[in-house]
Protein chains: 2
Amino acid sequence: LNKSQHKSIVLIGSGNVATQLGLALLEAGYNILQVYSRTKKSANKLATLLKATATDSVEKINTIADIYIIAVKDDAIANVTNQLKLKDKITVHTSGSIDMKILKNTSKNYGVFYPLQTFSKNKKTDFKNIPICLEGSNTDTLKVLRSLADSISNNVQKVNSEQRKQIHLAAVFACNFTNHFYTIAENILHEQKLSFDILKPLIIETADKIKENSPSRMQTGPAIRKDKRVIQTHMIQTHMKLLRSKKLKQLYKLISENIIDSTKNNK
Amino acid sequence: LNKSQHKSIVLIGSGNVATQLGLALLEAGYNILQVYSRTKKSANKLATLLKATATDSVEKINTIADIYIIAVKDDAIANVTNQLKLKDKITVHTSGSIDMKILKNTSKNYGVFYPLQTFSKNKKTDFKNIPICLEGSNTDTLKVLRSLADSISNNVQKVNSEQRKQIHLAAVFACNFTNHFYTIAENILHEQKLSFDILKPLIIETADKIKENSPSRMQTGPAIRKDKRVIQTHMIQTHMKLLRSKKLKQLYKLISENIIDSTKNNK
C-alpha cells in the first residue's frame with residue numbers, strides 16, 4: 001500500500017460522476033468516509049455502496065477527511081462551496097468548465113479533478129483509459145491529486161484553466177452535440193416507422209475510425225467534394241426537401257457550408 | 001453450396017464500397033468475373049484481389065455475368081448506366097440516395113443494394129452486422145438480391161425508395177455531420193497544442209451508449225436543463241466567447257437552441 005491509499009475522502013454529490021468516481025477510488029484502496037447529497041435517499045444509497053456514512057446537510061459534512069471531492073452539477077458548486085470551510089484540507093471539483101477559483105474561500109489547498117468522460121449510473125466505468133485533467137492551487141496539492149488520479153487512471157494530465165475550458169468546449173461538440181445528431185437521426189427514422197437499430201453499426205464504426213485516423217481526413221458525404229459542386233448542391237437540395245422542420249433545414253445548411261469551408265481550407 | 005453461390009458477378013467501381021463488397025462476396029463463394037474502374041491501375045489492383053479480369057472501358061464490360069453491381073460515386077452512376085445495356089441481367093447500384101429508376105434503361109431487372117456503413121480501404125469490413133437495404137424492380141430480382149445479401153449479412157431489409165432516402169439522410173447526420181464535429185473538436189484542441197487523443201475515450205463511449213439507450217434520453221450538457229435556464233445561458237455565453245470563428249459561434253448557437261427545443265418537446 002502506498003501512502004496515498006491511506007488518505008480519506010469525502011464525496012460531495014451522488015450523481016453519475018460521484019458514483020463512478022467513488023467506486024473506482026474505493027477499489028483503489030481509498031477510504032470514503034462520507035457521502036453528501038441534497039436528498040437523504042441518494043446519499044444513503046451511494047454511502048452504502050461505498051461503505052461510508054451519509055448526510056443531506058452541508059453543515060454536517062465532516063472536517064476530518066484529507067480530500068473533499070465536489071462532484072455535483074456545475075450550477076450547484078457555488079452553493080456548496082459557500083457553506084463549506086475546510087481550512088487546509090484539499091478540495092477539488094470535477095467540472096470541465098467551472099473556474100478553479102470558485103474554491104478559494106473553501107480551503108487553502110484546492111484544485112480541479114476533471115475526468116473527461118460521459119458517465120452512466122448503471123454501467124460501471126473503467127477509469128484506466130479515461131483522461132483525468134488536473135489543476136492545483138499549489139505544488140503540494142497537485143502532488144496529492146496526481147497520486148489520487150494515478151491510482152485509477154493511466155492517462156493523467158496537468159492542464160491549465162484555459163486548456164481545460166477549451167477541452168470542455170471540444171467535448172461539447174464531440175459528445176453533447178454528436179448525441180443530438182444521433183437523436184435527430186433517430187427521429188428521422190421513427191417518422192418512417194424504421195428502427196434506430198439500423199444506424200447503430202454506422203454510428204459505432206464512425207466513432208471507431210477516429211482511433212486510427214484524423215477525422216478531418218475521414219470526412220465523406222454530400223458536402224465534401226468541392227470538385228463536384230453541382231452534384232453536391234443537388235444532394236443538399238434533395239436533403240433540404242426531405243427535412244420537415246425549418247430549424248433542421250437551417251442546421252443542415254449551416255453544417256454543410258461549414259464542411260465545404262473546412263474542405264476548402266484543408267485541400 | 002447453394003444455387004446463388006454459383007452466380008457470377010461483375011463489379012463496377014474500385015473504391016471502398018466496391019473493394020469491401022467484392023472481398024465479402026468472393027469469400028461467400030461468388031465468382032467475380034470482372035472489375036471495371038475508370039483507371040486501369042485501380043481496376044487491375046482490385047481484380048487481382050478478387051481473381052477477376054479488369055477493364056477501364058465501359059464498352060468492354062462483359063455481358064455474360066448474372067449480377068452487375070455498380071459501386072461508383074453517386075455522381076458517376078448515370079455516366080455508367082447510360083452506356084451499359086444488359087437486357088435481362090440483374091443490375092444494382094449501392095447508393096443510399098440515388099433513385100432506383102436510374103437503372104431502368106440499363107436492364108429489365110434492376111434494384112438497389114445499399115450497405116449502411118462507412119467503409120475504409122485498408123480495413124477489412126465484416127458485413128455480418130451491417131444492414132443491407134434492398135429494393136428491386138420485381139419479385140424475382142428482389143429474391144436474387146436477398147440471397148446475395150443474406151450470404152454476407154444477417155441484417156438484410158427490404159425498404160422502399162422514400163425510406164431509403166430518409167435512412168440516408170439520417171446517416172448523414174449520424175456519420176458525416178458527427179465526423180465534422182469530431183473535426184471541430186480536434187481543431188479546438190490543436191489550437192491549444194493539445195492532442196486529439198484526450199477526446200477519444202469520450203467519443204467512443206458516447207457512440208457506445210446508443211447500443212443500450214435512446215440518444216434522446218442520454219442528452220447532457222449545457223443546453224439540456226431547462227429548469228436551469230440562467231446557468232445554461234451563462235454556459236452558452238462562455239462557450240460563445242471561447243469560439244473564435246463567427247461560423248462556429250453561429251453553429252454552436254443553432255445547435256444549442258435545437259437541443260433546448262427538443263428537450264421542451266420531450267419533457
Side-chain angles (χ1 to χ4, degrees), chain A residues 74-75 97 116-118 129-131 163 165-167 169-186 188-189 192 194 198-207 210-211 214-216 218-222 228 231 235 238-239 242 247 250-251 254-255 258-259 261-262, chain B residues 74-75 97 116-118 129-131 163 165-167 169-186 188-189 192 194 198-207 210-211 214-216 218-222 228 231 235 238-239 242 247 250-251 254-255 258-259 261-262:
Chain A
D74 284 2
D75 45 308
S97 56
L116 187 53
Q117 186 54 289
T118 173
N129 298 310
I130 295 178
Q163 284 174 326
K165 283 174 189 170
Q166 295 283 354
I167 290 169
L169 176 63
V172 166
F173 277 94
C175 173
N176 310 126
F177 287 0
T178 288
N179 189 72
H180 182 54
F181 280 179
Y182 299 160
T183 306
I184 291 172
E186 184 183 41
I188 290 171
L189 293 173
Q192 294 293 317
L194 289 162
I198 201 171
L199 268 189
K200 289 180 180 178
L202 177 64
I203 286 173
I204 300 299
E205 179 66 14
T206 302
I210 57 123
K211 286 184 189 165
S214 162
S216 64
M218 291 293 103
Q219 194 65 49
T220 56
K228 306 285 180 187
I231 301 291
M235 169 70 78
T238 307
H239 280 166
L242 289 173
K247 286 237 167 189
Q250 213 181 344
L251 190 57
L254 191 58
I255 296 169
N258 260 292
I259 294 177
D261 281 357
S262 60
Chain B
D74 284 2
D75 45 307
S97 56
L116 187 54
Q117 186 53 288
T118 173
N129 299 311
I130 294 177
Q163 284 174 326
K165 283 174 188 170
Q166 295 283 354
I167 289 169
L169 176 63
V172 166
F173 277 94
C175 173
N176 310 125
F177 287 0
T178 289
N179 189 72
H180 182 54
F181 280 179
Y182 299 160
T183 306
I184 291 173
E186 185 183 40
I188 290 170
L189 293 173
Q192 293 294 317
L194 289 162
I198 201 171
L199 268 189
K200 289 180 180 178
L202 177 64
I203 286 173
I204 301 297
E205 178 67 12
T206 301
I210 56 124
K211 286 185 190 165
S214 162
S216 63
M218 291 293 104
Q219 194 65 51
T220 56
K228 307 285 182 188
I231 301 291
M235 169 71 78
T238 307
H239 280 166
L242 289 173
K247 287 238 167 187
Q250 213 181 344
L251 189 57
L254 191 59
I255 296 169
N258 261 291
I259 295 177
D261 282 356
S262 60

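Lettering of chains follows the sequences in order, A, B, ..., and the numbering in each one begins at 1.
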Find the one option among A:I130, A:L242, A:I203 whose heavy-atom pairs under 4.5 Å with chain B are most numerous.
A:L242

Would you name the heavy atoms of A:L189 and B:I167 that are closest together and state the gap between them?
CD2-CG1, 3.7 Å

Residue pair A:L199 / B:A174: nearest heavy atoms and the distance that separates them
CD1-CB, 3.9 Å

Pick whichever of B:I188, B:L169, B:T178 has the most heavy-atom pairs under 4.5 Å with chain A.
B:L169

Could you measure the distance from the NZ atom of A:K165 to the OG1 atom of B:T238? Nearest 0.5 Å is fine.
7.5 Å

Going from OG1 on B:T206 to CZ on A:F177, what distance comes out if it is rounded to the nearest 0.5 angstrom?
13.0 Å

Is the backbone of B:P201 close enough, under 3.5 Å, to the side chain of A:Q117 for a donor and an acceptor to pair up by distance?
yes

Bottom line for A:E186: the part with an atom under 4.5 Å from chain B's heavy atoms is side chain

Interatomic distance, SG@A:C175 vs OH@B:Y182, rounded to 0.5 Å, equals 9.5 Å

Non-hydrogen atoms of chain A under 4.5 Å away: do they reach the side chain of B:S97, the backbone, both or neither?
side chain

Could you tell me which portion of B:L194 (side chain, backbone, both or neither) has an atom closer than 4.5 angstrom to a non-hydrogen atom of chain A?
side chain

List the atom of A:P131, the atom of B:I198, and the distance in Å for their closest heavy-atom pair.
CG-O, 3.1 Å

Output the distance between atom CD1 (B:I255) and atom CG (A:L254), rounded to the nearest 0.5 Å.
7.5 Å

Once you round to the nearest 0.5 Å, how far does CD1 of B:I259 lie from NE2 of A:H180?
5.0 Å

Side chain from CB out, backbone as N, CA, C, O: work out which of these in A:I184 comes under 4.5 Å of a heavy atom of chain B, or both, or neither.
side chain

Spacing of CD1 belonging to B:I210 relative to NZ belonging to A:K200, to within rounding of 0.5 Å:
6.0 Å

Minimum heavy-atom distance between B:Q192 and A:Q166, given as atom pair plus value
NE2-CG, 3.4 Å

Within the structure provided, determine whether A:I204 and B:K211 are in side-chain contact (heavy-atom separation under 4.5 Å).
yes

